[in-house]
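Fair warning: this is a prediction, and the values are worked out from it, not measured in the lab.
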Amino acid sequence: MGITGTLSSDQLDSFNSQGYLVIESFANPEDIESMMKRMNKLLDDFDYTNVSVFSTKNQRKVTDDYFYQSAENISFFFEEKAFGDDGSLKQPKQLSINKVGHALHELDPVFKGFSSSEKCSGLLLSLGYKKPVIIQSMYIFKQPGIGGEVVPHQDNSFLYTEPTTCTGMWLALEDATLLNGCLWAIPGSHKNGLVRRFLRGENGVYFDQPSPSYDQKDFVPIEVKAGSMVLIHGDLIHQSFENQSLKSRHAYSWHVVDTDGCKWAPENWIRRKVEPEPLYVS
């Protein structure tokens, strides 16, 4: 296989205890520059006449075919606050996009090269993955002034397998701070299990349970420098606030599930026509 586990026993203990792990300087400056330049090119080439708005607060806004098809495409989603009352963009498209997803890891050579690298697979091998696949990926902009809030959630809600196997891999392409909307998490919350699921039905997508209320005092900020990787357990409660600063907070994020002895839930929003290729088989 040629892949070796890269996490130390202390790192694994921390991940298992806290539900997340920060690995500083995981990506080098050349990797970061390559991904950011590539995204600039994708944005330059993007024709935004077919508009889709992304919101974690109002899921009805993303229940269109464009959203569903994004599972196997490179699709562009705007911020809620990007448009004026007349329906036109308030500022250039490059400063109006919420995220690009959800198949960058599959269709774009730059993002595929990084997320499929032995360095990334080594993390998964350390976590015990036998036959992992990347099930979705996204470039998140967290735009200055309008970068939207991501409400408290668990990744397993959206990317459910039986048994649950999702791990989020969140790479900071710019410094993530309290001011520009860094991640926040409730340490150890992954030990309490999955609280609700995000399902796709005949009339769109919906949660099977209302969101629990969380005490903000339980969350801790995860401020990281550009190049840092944050591994996120699929049951960890995490969120991010609006970016009210003048500085963006770009990140590349992808989610992995195992396919060895695990079943992808047919009620998930992602229903692929072609099965993803595993990163490795151990």
Enquirer: Quick one about Thr177 and Asn180 (side-chain donor to acceptor, distance below 3.5 Å, no hydrogens or angles considered), yes or no?
Expert: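 A pair is found: one side chain offers a donor N or O, the other an acceptor, under 3.5 Å apart.
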Enquirer: What pair of heavy atoms forms the shortest contact from Ser211 to Arg196, and how long is it?
Expert: N-NH1, 3.3 Å
Enquirer: Do the side chain of Tyr280 and the main chain of Leu125 share a donor and acceptor less than 3.5 angstrom apart?
Expert: yes
Enquirer: Which atom names give the shortest non-hydrogen contact between Thr6 and Gln11, and what distance separates them?
Expert: O-OE1, 4.0 Å
Enquirer: Say whether, by atom type as modelled, one donor and one acceptor occur between the side chain of Arg272 and the main chain of Val274 under 3.5 angstrom.
Expert: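 Flag set: sc Arg272 to bb Val274 pair under 3.5 Å.
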Enquirer: Please determine whether side chain to side chain contact (heavy atoms under 4.5 Å, CB included) holds for the pair Ile270 and Trp264, giving the CA-CA distance in whole Å, both sets of side-chain angles, and the decisive distance to 0.1 Å.
Expert: CA-CA 10 Å; Ile270 292 178; Trp264 179 253; 3.8 Å; yes
Enquirer: Among residues at least two apart in sequence or on other chains, which ones pass ring-ring contact (aromatic ring centres under 6.0 Å, His included) with His238?
Expert: His153
Enquirer: Let me see the working for Ser14 and Tyr20 under side-chain hydrogen bond (donor to acceptor under 3.5 Å, both in side chains), right down to the final yes or no.
Expert: CA-CA 8 Å; Ser14 179; Tyr20 67 92; over 6 Å; no
Enquirer: What orientation do Phe114 and Trp254 show, parallel under 30°, tilted 30 to 60°, or perpendicular over 60°?
Expert: perpendicular
Enquirer: Is there side-chain contact between Pro278 and Val281, with heavy atoms separated by less than 4.5 Å?
Expert: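 In contact.
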Enquirer: Measuring from His233:NE2 to Asp155:CG, what's the distance to the nearest 0.5 Å?
Expert: 10.5 Å
Enquirer: Taking all heavy atoms of Ala71 and all of Ala103, pick out the closest pair and write down the distance.
Expert: O-CB, 3.7 Å
Enquirer: Side chains of Ser116 and Ser121, heavy atoms from C-beta outward: is any pair under 4.5 Å?
Expert: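 The answer is no; the side chains never approach within 4.5 Å.
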Enquirer: Before giving the answer on side chain to side chain contact (heavy atoms under 4.5 Å, CB included), spell out for Met169 and Cys120 the whole-Å C-alpha distance, their side-chain angles and the decisive distance to 0.1 Å.
Expert: CA-CA 9 Å; Met169 305 179 77; Cys120 293; 4.2 Å; yes
Enquirer: Between Asp31 and Met35 (side chain of the first, backbone of the second, donor and acceptor by atom type, cut-off under 3.5 Å), is there such a pair?
Expert: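 Pair absent, no side-chain N/O of Asp31 close to backbone of Met35.
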Enquirer: Say you draw a straight line from CG of Leu127 to CG of Leu231; how long is it, rounded to the nearest 0.5 Å?
Expert: 6.0 Å
Enquirer: Donor-acceptor check, side chain of Lys119 to backbone of Phe26, threshold 3.5 angstrom: yes or no?
Expert: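 A pair under 3.5 Å: yes.
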Enquirer: Asp258 side chain to Tyr129 main-chain N or O, any donor-acceptor pair under 3.5 Å?
Expert: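 No, because the side chain of Asp258 does not come within donor-acceptor range (under 3.5 Å) of the backbone of Tyr129.
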Enquirer: List the atom pairs, donor and acceptor, that lie under 3.5 Å between side-chain atoms in residues 133-146 and the rest of the protein, sequence neighbours left out.
Expert:
from, atom 1, to, atom 2, distance (Å)
Gln136, NE2, His255, ND1, 3.1
Ser137, OG, Leu104, N, 3.0
Ser137, OG, His105, N, 3.0
Ser137, OG, His105, ND1, 2.7
Tyr139, OH, His250, ND1, 2.8
Lys142, NZ, Gly148, O, 2.7
Lys142, NZ, Ser240, OG, 2.8
Lys142, NZ, Phe241, O, 2.9
Gln143, NE2, Gln94, O, 3.0
Gln143, NE2, Ile97, O, 2.9

Enquirer: Would you say the side-chain atoms of Tyr160 and Glu162 include a donor-acceptor pair closer than 3.5 Å?
Expert: yes
Enquirer: Would a distance-only check, ignoring hydrogens and angles, find a side-chain to backbone donor-acceptor pair under 3.5 Å from Tyr214 to Phe219?
Expert: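 Side chain of Tyr214 to backbone of Phe219, a donor-acceptor pair under 3.5 Å: no, none is there.
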Enquirer: Apply side chain to side chain contact (heavy atoms under 4.5 Å, CB included) to the pair Leu199 and Val205, showing each step before the final yes or no.
Expert: CA-CA 5 Å; Leu199 306 175; Val205 289; over 6 Å; no
Enquirer: Got a second to check how far Leu171's CG is from Phe111's CZ, nearest 0.5 Å?
Expert: 10.0 Å
Enquirer: Return the OG to CD distance between Ser157 and Gln209, rounded to the nearest 0.5 Å.
Expert: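 It is 10.5 Å, given to the nearest 0.5 Å.
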Enquirer: Are Met229 and Met39 connected, step by step, through hydrophobic side chains (Ile, Leu, Val, Met, Phe, Trp, Tyr) whose heavy atoms are closer than 4.5 Å?
Expert: yes
Enquirer: Please check: side-chain N/O of Ser228 versus main-chain N/O of Glu24, any donor-acceptor pairing under 3.5 Å?
Expert: no
Enquirer: Hey, any chance Leu183 and Ile237 share a hydrophobic cluster, counting ILVMFWY side chains that come within less than 4.5 Å of each other, even indirectly?
Expert: no
Enquirer: Please enumerate all residues that pass side chain to side chain contact (heavy atoms under 4.5 Å, CB included) together with Ser96, with sequence neighbours excluded.
Expert: Phe78, Ala82, Leu89, Gln91
Enquirer: Do Tyr252 and Ser115 pair up side chain to side chain, a donor and an acceptor below 3.5 Å, judged on atom types alone?
Expert: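 Present: a donor and an acceptor within the cut-off.
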Enquirer: More than 12 foreign heavy atoms under 6.0 Å from NZ of Lys131: is that the case here?
Expert: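 Open: at most 12 neighbouring heavy atoms sit under 6.0 Å from NZ of Lys131.
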Enquirer: I'd like to know if Asp45 and Lys41 make a salt bridge, using a cut-off of under 4.0 Å between side-chain N and carboxylate O.
Expert: yes
Enquirer: If you measure from CD on Gln154 to CG on Asn192, what distance do you get to the nearest 0.5 Å?
Expert: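 It comes to 8.5 Å.
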Enquirer: From Ser126 OG over to Leu7 CG, what is the distance, rounded to the nearest 0.5 angstrom?
Expert: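 So the OG of Ser126 and the CG of Leu7 are separated by 4.0 Å.
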Enquirer: Taking the inter-plane angle between the rings of Phe76 and Phe46 on a 0 to 90° scale, is it parallel (under 30°), tilted (30 to 60°) or perpendicular (over 60°)?
Expert: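 Geometry flag for Phe46 against Phe76: parallel rings.
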Enquirer: Does any non-hydrogen side-chain atom of Val230 lie less than 4.5 Å from one of Val224?
Expert: yes
Enquirer: Indicate yes or no for a side-chain donor-acceptor contact from Thr164 to the backbone of Asn156 under 3.5 Å, with no hydrogens or angles considered.
Expert: no
Enquirer: My understanding is that only residues two or more places apart in sequence, or in another chain, count here; which of them pass side chain to side chain contact (heavy atoms under 4.5 Å, CB included) with Arg271?
Expert: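 Per chain and number, Arg271 pairs via side chain to side chain contact (heavy atoms under 4.5 Å, CB included) with Arg200.
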Enquirer: Determine yes or no for a side-chain-to-main-chain donor-acceptor pair under 3.5 angstrom, with Asp175 supplying the side chain and Ala226 the backbone.
Expert: yes
Enquirer: Could you work out, with side chain to side chain contact (heavy atoms under 4.5 Å, CB included) as the rule, every residue matching Leu178, not counting sequence neighbours?
Expert: Cys182, Trp184, Pro221, Glu223
Enquirer: List the atom of Gln18, the atom of Pro187, and the distance in Å for their closest heavy-atom pair.
Expert: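 Shortest heavy-atom contact: OE1-CB, 3.1 Å.
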Enquirer: Please answer: with hydrophobic residues joined when any side-chain heavy atoms are less than 4.5 Å apart, are Leu194 and Phe198 in the same cluster?
Expert: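 No; Phe198 is not reachable from Leu194 via cluster members.
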Enquirer: With side-chain hydrogen bond (donor to acceptor under 3.5 Å, both in side chains) as the criterion, how do Ser75 and Gln69 come out once you've worked through the C-alpha distance, each side chain's angles and the decisive distance to 0.1 Å?
Expert: CA-CA 8 Å; Ser75 304; Gln69 293 166 5; over 6 Å; no
Enquirer: Would Lys90 and Phe83 count as a cation-pi pair here, with the cationic atom under 6.0 angstrom from the ring centre and within 45° of the axis?
Expert: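 Output no; distance or angle outside limits.
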Enquirer: For residues Ile232 and Trp170, report the shortest heavy-atom separation together with the two atoms involved.
Expert: CD1-CB, 4.2 Å
Enquirer: Name all residues meeting the side chain to side chain contact (heavy atoms under 4.5 Å, CB included) criterion together with Asn40; count only those two or more places apart in sequence or in a different chain, and write none if there are none.
Expert: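 Side chain to side chain contact (heavy atoms under 4.5 Å, CB included) check on Asn40 returns nothing, list empty.
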Enquirer: Check for me, please, whether Ile32 and Ile23 land in the same ILVMFWY cluster - side-chain distances under 4.5 Å, paths through other members count.
Expert: yes
Enquirer: Can you give me the closest heavy-atom contact between Asn268 and Arg197, atom names plus distance?
Expert: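 Result for this residue pair: OD1-NH2, 3.9 Å.
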Enquirer: Quick check on the hydrophobic clustering: are Leu42 and Met36 connected, directly or via other members, by side-chain heavy-atom contacts under 4.5 Å?
Expert: yes
Enquirer: Go through the steps to decide whether Glu174 and Ser248 satisfy the test side chain to side chain contact (heavy atoms under 4.5 Å, CB included), and finish with yes or no.
Expert: CA-CA 8 Å; Glu174 297 180 308; Ser248 59; 2.7 Å; yes
Enquirer: For Ile186, does its backbone N or O pair with a side-chain atom of Ser189 as donor and acceptor, under 3.5 Å?
Expert: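 Checked: pair present.
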